[in-house]
Amino acid sequence: PPAAWLIDELLFERLASQACHSAVRAGDVLDDTEAMQLVRDLQDCAHPWNCPHGRPTLVKLPRSRFEEWFQRRV
């Protein structure tokens, strides 16, 4: 591959790593405003379904799973 491709790939990996390291993680506490802004920002992404490394950012859970977890009918 041309050298420019290699540089682009290295730059992409560096930026992707920085994005993932600064991401909101499980256990982080967000107030309502921060959570809503996070959802809005995600909706504005070209590819909102996964991070640059391929990890999912959204998952679809069946209603029955919520009912099971919270022992409530939704």
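These figures come from a predicted structure and were not determined experimentally.
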**Student:** Using the test ring pair (Phe, Tyr, Trp, His ring centres under 6.0 Å), find all partners of Phe12 that sit at least two apart in sequence or belong to another chain.
**Tutor:** none
**Student:** So with a 6.0 Å cut-off around CG of Asp32, is the heavy-atom count from everything else above 12?
**Tutor:** no
**Student:** For residues 55-71, which residue pairs pass the side-chain hydrogen bond (donor to acceptor under 3.5 Å, both in side chains) check, not counting sequence neighbours?
**Tutor:** none
**Student:** Of all the heavy-atom pairs spanning Pro56 and Val59, show the shortest one and how long it is.
**Tutor:** CB-CG1, 4.4 Å
**Student:** Apply the hydrophobic cluster definition, ILVMFWY joined by side-chain contacts under 4.5 Å directly or through others, and give me every member besides Leu42.
**Tutor:** Trp49, Leu58
**Student:** Would you say Phe70 ends up clustered with Leu61 if hydrophobic residues are merged whenever their side chains have heavy atoms under 4.5 Å apart, either directly or through other cluster members?
**Tutor:** yes
**Student:** With sequence neighbours excluded, what pairs up with Asp41 under the side chain to side chain contact (heavy atoms under 4.5 Å, CB included) test?
**Tutor:** Gln37
**Student:** State which residues pass side chain to side chain contact (heavy atoms under 4.5 Å, CB included) with Arg25; sequence neighbours excluded, sorted by chain then number.
**Tutor:** His21, Asp28
**Student:** Nearest 0.5 Å, what's the CG-CD distance between Asp31 and Glu34?
**Tutor:** 4.0 Å
**Student:** Which residues end up grouped with Val24 if you chain together Ile, Leu, Val, Met, Phe, Trp and Tyr wherever their side-chain heavy atoms are less than 4.5 Å apart?
**Tutor:** Leu30, Leu38
